[in-house]
Amino acid sequence: MQSHKQIPIIVLSGGKGERFIGKSNSPKQLSKVSKHPIIVEVMLYYFKKGFNFFILPLGYKKKFFIDFFNNKKNIKRYNLNIIKSTNFDLSKEKLNIVLFDAGVNTNKLNRINKSLKFLSKSELFGVCYGDIFANINFKKQLTLFKKKNILAVLTSFNERSPYGHLKIDKKNRIISFIEKPIMNNPINIGFYFFKKNLFFNFTFSKKDDLETQFLPKLSKKLQLASYMHKEFHFTVNT
């Protein structure tokens, strides 16, 4: 299996994020919840764990991303190498980043598919959302991937419900109240690894999206495994 530095990470960053802010403002992924923008925090965590090649298939508000990552101060601050062609060499010590326009209305699955042209030297690649924090143990996740001999692995998490749950008897009396219980089924928190040949050998249409069609099809073929994450996880939704 490839070393970490040879595994590209596609950071899905072209969505509209309409739940978060208005059309004229900076996209959610470039908003700060710490001293760095969300998407930079995500990439810095990957970099800390040995990954140094990131592909951003842009769409909605693409100019904000292009301006941010091509800013000379940000290039110096984050030690970036901005790649501007499909024929390139990676810098070993820098965050190597490809920015390209994947289309405003392109869904997640097709953003991934359009990113494959930058993966000529890679047998597998990672995918993540640009607005989720989690201290994933990628080494263990990749080990699981290798052992299972499958085409894809996602990261799951036992999430707590944000609500108080009730048990009600036939007379509408509350007989039990459980505040924010852990839900029965784990959730998908969006840190993936895929074998590249999956996208050449698996049939899907332009209307198919990642979570609603592609992943369910993979699971039916028993080619999708779950790596259970048990530590920190936080999704920036609002």
Side-chain angles (χ1 to χ4, degrees), residues 7-34 36-47 51-91 94-122 125-133 189-194 196 199 204-212 214 235-237:
I7 300 176
I9 305 297
I10 298 172
V11 185
L12 297 172
S13 47
K16 293 186 177 182
E18 291 176 330
R19 288 183 297 174
F20 190 69
I21 46 181
K23 293 182 179 180
S24 61
N25 293 356
S26 175
K28 174 171 62 172
Q29 297 92 336
L30 290 177
S31 301
K32 290 185 178 181
V33 294
S34 65
H36 308 301
I38 297 168
I39 196 169
V40 173
E41 288 282 10
V42 171
M43 290 191 291
L44 287 176
Y45 182 76
Y46 271 101
F47 187 71
F51 301 87
N52 71 349
F53 181 25
F54 303 92
I55 301 167
L56 279 62
L58 304 177
Y60 190 67
K61 296 187 177 182
K62 65 181 180 181
K63 189 177 185 300
F64 285 92
F65 292 98
I66 292 169
D67 290 347
F68 177 86
F69 285 106
N70 283 290
N71 180 281
K72 291 182 179 180
K73 289 183 179 180
N74 290 332
I75 288 174
K76 183 177 181 180
R77 182 181 184 187
Y78 298 118
N79 198 23
L80 306 179
N81 176 35
I82 306 301
I83 297 167
K84 297 186 177 181
S85 72
T86 55
N87 184 18
F88 57 86
D89 293 316
L90 298 178
S91 173
K94 294 186 177 184
L95 273 77
N96 300 276
I97 298 177
V98 169
L99 305 162
F100 79 99
D101 185 5
V104 174
N105 297 314
T106 308
N107 65 29
K108 290 188 284 291
L109 182 60
N110 283 285
R111 288 182 190 282
I112 294 170
N113 198 36
K114 288 185 176 186
S115 300
L116 298 183
K117 61 187 175 184
F118 299 103
L119 310 183
S120 59
K121 299 178 182 179
S122 306
F125 62 94
V127 174
C128 71
Y129 305 135
D131 61 353
I132 297 177
F133 300 109
I189 60 173
F191 292 86
Y192 308 90
F193 287 102
F194 296 99
K196 185 175 68 175
F199 284 78
F204 60 92
S205 73
K206 288 185 177 181
K207 292 182 179 180
D208 287 353
D209 206 351
L210 181 64
E211 301 94 343
T212 51
F214 190 66
T235 301
V236 184
N237 279 329

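Just so you know, these numbers come straight off a predicted model, no measurement behind them.
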Check for a donor-acceptor pair, side chain of [X] on one end and backbone N or O of [Y] on the other, with a separation under 3.5 Å.
X	Y	answer
Asn110	Asn113	no
Lys196	Ser122	yes
Asn52	Ser91	yes

Partner set under salt bridge (Lys or Arg N to Asp or Glu O under 4.0 Å) for [X], not counting sequence neighbours:
X	answer
Lys114	none
Lys63	Asp67
Glu211	Lys108

Any residue meeting side chain to side chain contact (heavy atoms under 4.5 Å, CB included) with [X], in chain and number order, not counting sequence neighbours:
X	result
Lys32	Pro37
Thr212	Asp209
Lys84	Asn70, Ile82
Asn74	Phe68, Asn71, Tyr78

Can you find a heavy atom in the side chain of [X] that is under 4.5 Å from one in the side chain of [Y]?
X	Y	value
Leu56	Met43	yes
Ser13	Ile39	yes
Tyr192	Tyr129	yes
Leu90	Ile83	yes

Output the distance between atom CZ (Phe47) and atom CG (Asn79), rounded to the nearest 0.5 Å.
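One gets 6.5 Å once the value is rounded to the nearest 0.5 Å.
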Quick one: closest heavy-atom pair of [X] and [Y], and the distance?
X	Y	value
Gly130	Val11	CA-CG1, 3.9 Å
Ile112	Leu12	CG1-CD2, 4.0 Å
Gly126	Phe193	CA-CD2, 3.6 Å

Worked check of side chain to side chain contact (heavy atoms under 4.5 Å, CB included) between Tyr60 and Phe65
CA-CA 10 Å; Tyr60 190 67; Phe65 292 98; over 6 Å; no
Please enumerate all residues that pass side-chain hydrogen bond (donor to acceptor under 3.5 Å, both in side chains) together with Asn96, with sequence neighbours excluded.
Asn81
Restricting to pairs with a member in residues 99-122, which pass ring pair (Phe, Tyr, Trp, His ring centres under 6.0 Å), not counting sequence neighbours?
Phe100-Phe118
Would you call the rings of Phe199 and Phe125 parallel, tilted or perpendicular, taking 30° and 60° as the class edges?
tilted
Can you tell which of Lys62, Lys61, Arg111 makes a salt bridge (Lys or Arg N to Asp or Glu O under 4.0 Å) with Asp101?
Lys62
Who pairs with Phe191 by ring-ring contact (aromatic ring centres under 6.0 Å, His included), at least two apart in sequence or on another chain?
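Testing Phe191 for ring-ring contact (aromatic ring centres under 6.0 Å, His included), a comparison that skips the adjacent residues, returns none.
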Can you name the ring-ring contact (aromatic ring centres under 6.0 Å, His included) partners of Phe54, sequence neighbours left out?
none
Pairs in or reaching into residues 70-79: which pass salt bridge (Lys or Arg N to Asp or Glu O under 4.0 Å), with residues at least two apart or in two chains?
none
